[in-house]
Amino acid sequence: MTMALYDSQGLRKEPSKGVPNKSKQVKGRQLLHTILLVVLVVLALGLPFYLLIITAGKNQAEALKLSLSLPTHWYLIDNFRTVITEGKMIPAFFGSILVTVPSVVLALIFGAMASWILARRTTKAMSIVYALCISGLILPPAVVSVMMLLKMMGLAGTAIGMICIYVGIYLSTVIFFVTGFIRTIPISLEESARLDGASPMRIFFTIVLPLLGPTLSAATILLILYIWNDVFYALFILSGKLDTLPLNLYNVASAGLHLNNWHLIFAYIILMSLPLLIIFAVAQKKIISGITGGAVK
């Protein structure tokens, strides 16, 4: 038995049939947007990876054509072997490790310490200091002055000089990431430890630093990405006395070993990027929580 619907004047109204149609239209639009987004992601990310892999698996003649066709015969393992042995990747790999690991660790520790002070002291002077600290995000370093200073100190062309430069350059990135997160941490935790007689260093390393894990994880990935792929500062400061992976690729390509050998260049890039992909795959949850942690809290 169906019930009749009447308006305010007593006239009978027909039941509306437009609601199901509207819901179907909304679902259709959402499906269309999802499909469009997937297509854009595949074109923006999948296509470059596809081109990278198939070019690295070709021989020199096929790689010069730069097409999207699959190689006639796969030479991927042979190309990897060639760039490792003839491209001197092993010494360059350890050179990158020697420069990247200390730079990231020191930048994180010093940056977290500075962020703690800047977050807890809210005076106008500290606001000016904070602005000066994060100005390194937009102001480029004076490369010529830095090179002259390193030569005067006897650190030009050394790993220690390169580490100092990276720490100074990317310290502002860590301060920018961590300061906002520390402001969301209740200060009562530090006050309780201070009443128990804990020193500032103990408060920082036992209370503040463990809480910065997700944020420091995100900052770590960014610093590793910047330093691992850097060739500009390494080219001027190391001056060929120490090899890193990007600098070695630039040198061997310029010297003619990989000239017009795009299959070897792409194979080199794949091997150089593997450590970053592994780190990101292992720590992606901490990276995402570190980026959104300050907003959630």
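Note that the structure is a prediction, hence the values are computed from the model and not measured. Throughout, residue positions are numbered sequentially from 1 according to the sequence presented.
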Is the shortest heavy-atom distance from the side chain of Ile117 to the side chain of Val129 under 4.5 Å? no
In this structure, are over 12 heavy atoms from other groups packed under 6.0 Å from Phe94 atom CZ? no
ILVMFWY network linking Ile35 to Leu37, side-chain heavy atoms under 4.5 angstrom: no
State whether the side chain of Asn248 and the backbone N or O of Thr244 hold a donor-acceptor pair below 3.5 Å, judged by distance alone. no
Connected via hydrophobic side-chain network under 4.5 Å: Leu276 and Val231: yes
Please report the interatomic distance CE(Met89) to OG1(Thr82), rounded to the nearest 0.5 Å. 12.0 Å
Answer whether the closest heavy-atom distance between the side chains of Leu36 and Leu32 falls below 4.5 Å. no
Met152 with Val144, same ILVMFWY side-chain cluster at under 4.5 Å: no
Residues Ala219 and Leu108: closest non-hydrogen pair is CB-CD2, 4.0 Å
Would Trp228 and Ile97 count as a side chain to side chain contact (heavy atoms under 4.5 Å, CB included) if you check the C-alpha gap in whole Å, the side-chain angles of each, and the deciding distance to 0.1 Å? CA-CA 8 Å; Trp228 189 266; Ile97 294 292; 3.8 Å; yes
Note, Leu274 side chain near Leu271 side chain (heavy atom, < 4.5 Å): yes
What are the two closest heavy atoms between Tyr130 and Leu118, and how far apart are they? CD1-CD1, 3.9 Å
Are there more than 12 heavy atoms of other residues, nucleotides or ligands under 6.0 Å from atom CD1 of Ile160? no
Are Cys133 and Ile175 side-chain neighbours, meaning at least one heavy-atom pair lies under 4.5 Å? yes
Yes or no on side chain to side chain contact (heavy atoms under 4.5 Å, CB included) for Asn229 and Met272, after CA distance, side-chain angles and deciding distance? CA-CA 9 Å; Asn229 293 325; Met272 186 178 69; 4.3 Å; yes
Check for me, please, whether Phe49 and Phe80 land in the same ILVMFWY cluster - side-chain distances under 4.5 Å, paths through other members count. no
Residue pair Leu209 / Leu216, side-chain heavy-atom distance below 4.5 Å: yes
So if you build clusters from Ile, Leu, Val, Met, Phe, Trp, Tyr with side-chain heavy-atom gaps below 4.5 Å, do Leu247 and Ile237 land together? yes
What class does the angle between the rings of Tyr226 and Tyr170 fall in, given that below 30° is parallel, 30 to 60° is tilted and above 60° is perpendicular? parallel
Cationic tip of Arg194 above Phe204 ring, under 6.0 Å, 45° of axis: no
Can you measure from CD1 (Ile54) to NE2 (His263) and round to the nearest 0.5 angstrom? 14.5 Å
Give me each pair satisfying salt bridge (Lys or Arg N to Asp or Glu O under 4.0 Å) with a member in residues 109-121, each pair once, sequence neighbours excluded. Arg120-Glu190
Roughly how far, to the nearest 0.5 Å, is CG of Leu235 from CG of Asp230? 9.5 Å
Determine whether a donor-acceptor pair (N or O, by modelled atom type, separation under 3.5 Å) exists between the side chain of Trp262 and the backbone of Glu62. no
Within a reach of under 6.0 Å around CE of Met126, are more than 12 heavy atoms found that belong to other residues, nucleotides or ligands? yes
Quick check: closest heavy atoms across Ser96 and Leu245, and the distance to 0.1 Å? OG-N, 2.9 Å
Rounded to the nearest 0.5 Å, the NZ atom of Lys58 sits from the CG atom of Leu64 at a distance of 10.0 Å
Step-by-step side chain to side chain contact (heavy atoms under 4.5 Å, CB included) determination, Ile269 to Leu249: CA-CA 9 Å; Ile269 293 174; Leu249 176 60; 4.2 Å; yes
Ignoring hydrogens, what is the shortest heavy-atom contact between Ser172 and Gly136? Give both atom names and the distance. OG-C, 3.5 Å
OH/Tyr233: more than 12 non-hydrogen atoms of other groups inside 6.0 Å: yes
Check: Thr158 side chain, Leu155 main-chain N or O, donor-acceptor pair, under 3.5 Å: yes
Stepwise side chain to side chain contact (heavy atoms under 4.5 Å, CB included) check, Phe205 with Met113: CA-CA 9 Å; Phe205 283 104; Met113 289 180 175; 3.5 Å; yes
Close aromatic pair by centroid cut-off 6.0 Å: Phe177 and Phe181: no
I need the Ile84 CD1 to Ile90 CD1 distance, nearest 0.5 Å. 5.5 Å
Are side-chain heavy atoms of Leu189 and Leu211 found at a separation under 4.5 Å? yes
Drop me the distance from Ile128's CD1 to Lys124's NZ, to the nearest 0.5 angstrom. 9.0 Å
Will you find, in the side chains of Tyr268 and Asn79, an N or O donor that is under 3.5 Å from an N or O acceptor? no
Heavy atoms of Ile163 and Pro102 approach each other most closely as CD1-CB, 3.7 Å
If you compare all heavy atoms of Asn261 against all heavy atoms of Gln60, which two are closest, and at what distance to 0.1 Å? OD1-NE2, 2.7 Å
